[in-house]
Amino acid sequence: MNTNVRPETMERITTKELADAFIEEQVRLVREQVGDKKVLLALSGGVDSSVVAALLIKAIGKQLISVHVNHGLMRKGESEQVIEMFQNGLNANLIYVDATDHFLGLLKDVADPETKRKIIGKEFITVFADEARKLEDITFLAQGTIYPDILESIKAAEGKKAVKSHHNVGGLPEDLQFELVEPLKLLFKDEVRVVGEALGLPHSMVYRQPFPGPGLGVRCLGAITRDRLEALREADAILREEFDKTGLSEKVWQYFIAIPDIKSVGVKDESRYEGWPAIIRAVNTKDAMTATIEEIPYEILHHITYRITHEVEGINRVLLDLTPKPTGTIEWE
Ligand code: XMP
């Protein structure tokens with residue numbers, strides 16, 4: 001039997017009861033597979049890796065070693081949240097690696113989007129592998145692979161070309177070959193969320209919007225500089241805060257700020273002020289293959305514009321991206 005194919009008889013997990021039954025079954029299977037051996041996990045804080053972490057902590061406790069690599073391109077407060085939730089909340093065996101300087105050093109003066117993505121993806125694996133080598137007796141690698149990833153790899157194997165090189169952990173170096181533990185690999189995203197909530201993860205975490213592996217790196221357009229990256233992080237935090245306050249975060253599939261590498265002339269405090277424009281992008285989609293634009297009420301847009309231009313150092317304008325996908329992709333890079 002091919003364990004990478006979802007059986008037609010498998011019921012869609014839509015309720016807490018079904019999720020509990022799934023969790024119970026997976027806890028049993030994971031314990032059976034792993035025994036008393038150790039399992040390693042790259043915990044990004046995204047929905048999939050967080051649900052895997054919570055599930056494995058339930059199954060094998062401290063035998064799970066989670067590594068959270070902060071590449072410096074996370075959203076505001078995100079790494080802190082991962083530490084708070086898993087280390088303090090779930091008593092996880094968590095290793096935190098702050099690789100900000102390393103990543104930003106490598107990305108300095110690199111403006112080409114695909115080169116940036118490749119550097120971030122490759123370095124992520126290198127940093128994670130370096131941590132893995134420091135640990136002893138690891139037999140397994142857990143991954144937050146979900147069913148769409150499996151379907152995607154099948155397409156890739158059939159030679160269909162990807163528009164962008166999306167990255168997730170995979171392809172570890174030769175000397176680090178682990179057996180895989182992939183408890184979510186037959187689930188669709190909506191099911192992963194139901195399972196996450198049944199495991200006790202907060203709603204806001206489990207229903208958070210998607211965030212790309214290369215993080216803010218593909219939203220700080222062109223060559224990344226620390227000051228523009230910081231402006232982006234702050235502006236994005238304001239956008240998210242206002243979307244939460246107004247209930248838009250429950251309605252809009254993905255919303256974020258991108259900042260291009262251009263400055264325009266503006267005025268602040270009665271003086272000339274050259275700054276970057278913050279671009280708001282808010283889209284709805286089912287599968288991220290196509291996307292439509294969410295109509296945000298002007299009143300909310302005015303308030304967000306006021307806050308970003310007055311609270312964020314370096315920004316003097318706010319623009320709204322009205323482009324559906326196609327012709328735009330969801331991210332700008
Ligand atoms: P695009 O820009 O291709 O994005 O229309 C479609 C969806 O994928 C997300 N995205 C990524 N997700 N790793 C990921 O896990 C990546 O490298 C990556 N790049 C884009 C994007 O945020 C959108 O939801």
Side-chain angles (χ1 to χ4, degrees), residues 41-52 68-75 78 82 103 107 110 112-125 127-128 143-153 155-156 160-171 182 184-185 187-190 192-193 205-222 224 232-233 236 239-240 243 249 251-260 279-294 321-333:
L41 169 73
L43 176 60
S44 66
V47 180
D48 305 335
S49 69
S50 298
V51 174
V52 170
H68 177 70
V69 176
N70 178 359
H71 48 23
L73 305 165
M74 310 288 280
R75 285 168 292 190
E78 207 160 26
V82 171
F103 274 86
L107 287 165
V110 181
D112 175 60
E114 277 298 291
T115 312
K116 285 167 70 180
R117 279 175 172 274
K118 293 212 168 93
I119 291 174
I120 299 168
K122 183 168 157 282
E123 263 332 285
F124 195 87
I125 291 171
V127 173
F128 181 69
Q143 292 201 144
T145 313
I146 64 171
Y147 204 45
D149 301 331
I150 299 221
L151 298 176
E152 191 68 24
S153 338
K155 259 204 310 200
K160 301 202 173 108
K161 198 168 175 281
V163 177
K164 298 180 189 178
S165 50
H166 285 198
H167 100 269
N168 292 308
V169 180
E182 297 177 302
L184 309 180
K185 72 176 176 185
L187 300 192
F188 289 100
K189 195 82 179 191
D190 52 310
V192 175
R193 297 190 208 275
M205 211 254 103
V206 167
Y207 282 87
R208 77 202 311 192
Q209 55 167 328
F211 187 59
L216 299 181
V218 292
R219 298 176 181 172
C220 190
L221 308 177
I224 298 168
L232 170 60
R233 208 185 320 266
D236 178 72
L239 182 80
R240 287 191 290 135
F243 267 47
S249 52
K251 230 176 116 209
V252 183
W253 196 80
Q254 198 170 12
Y255 45 95
F256 57 86
I257 299 282
I259 302 190
I279 301 164
I280 297 176
R281 184 135 178 83
V283 298
N284 276 320
T285 176
K286 278 209 161 57
D287 56 7
M289 302 303 286
T290 60
T292 55
I293 293 307
E294 174 68 25
D321 183 353
L322 289 173
T323 323
K325 174 181 182 177
T327 54
T329 49
I330 294 176
E331 302 291 344
W332 269 57
E333 287 191 336

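Start at 1 and go down the list; that is how both ligands and their atoms are numbered.
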- Between Trp253 and Asn284, which heavy-atom pair has the shortest distance, and what is it? N-OD1, 2.9 Å

Between ligand 1 and [X], is the shortest N or O to N or O distance under 3.5 Å?
{"X": "Phe211", "result": "no"}
{"X": "Trp253", "result": "no"}
{"X": "Gly213", "result": "yes"}
{"X": "Glu331", "result": "yes"}
{"X": "Lys325", "result": "yes"}

- Please determine which of Lys116, Arg219, Arg117 meets the salt bridge (Lys or Arg N to Asp or Glu O under 4.0 Å) test together with Glu333. Lys116

- Considering only heavy atoms from C-beta outward, does the side chain of Lys185 approach that of Ile150 to under 4.5 Å? yes

- Query: Between Glu331 and Lys325, is there a salt bridge with N-O shorter than 4.0 Å?
  - Reply: no

- Task: Please determine if Arg240 forms a cation-pi arrangement with Tyr255, meaning its NZ or CZ atom is less than 6.0 Å from the six-membered ring centre and no more than 45° off the ring axis.
- Result: no

- Task: Return the option from Gly217, Pro212, Gly46 holding the heavy atom at the smallest distance from atom 11 (C) of ligand 1.
- Result: Pro212

- Message: Out of Val218, Ile330, Asp149, who is nearest to atom 4 (O) of ligand 1 when you count heavy atoms only?
- Response: Ile330

- Message: Show me which atoms of ligand 1 lie under 4.0 Å from any heavy atom of Pro214.
- Response: 16 (C), 17 (O)

- Note on the structure: Thr329 heavy atoms within 4.0 Å reach ligand 1 at atoms 1 (P), 2 (O), 5 (O)

- Answer yes or no: does atom NZ of Lys155 have more than 12 heavy-atom neighbours from other residues, nucleotides or ligands under 6.0 Å? no

- Query: With no hydrogens and no angle check, is any side-chain donor or acceptor of Arg75 less than 3.5 Å from a backbone partner on Leu216?
  - Reply: no

- Looking only at heavy atoms of Arg117, does any of them come nearer than 4.0 Å to an atom of ligand 1? yes

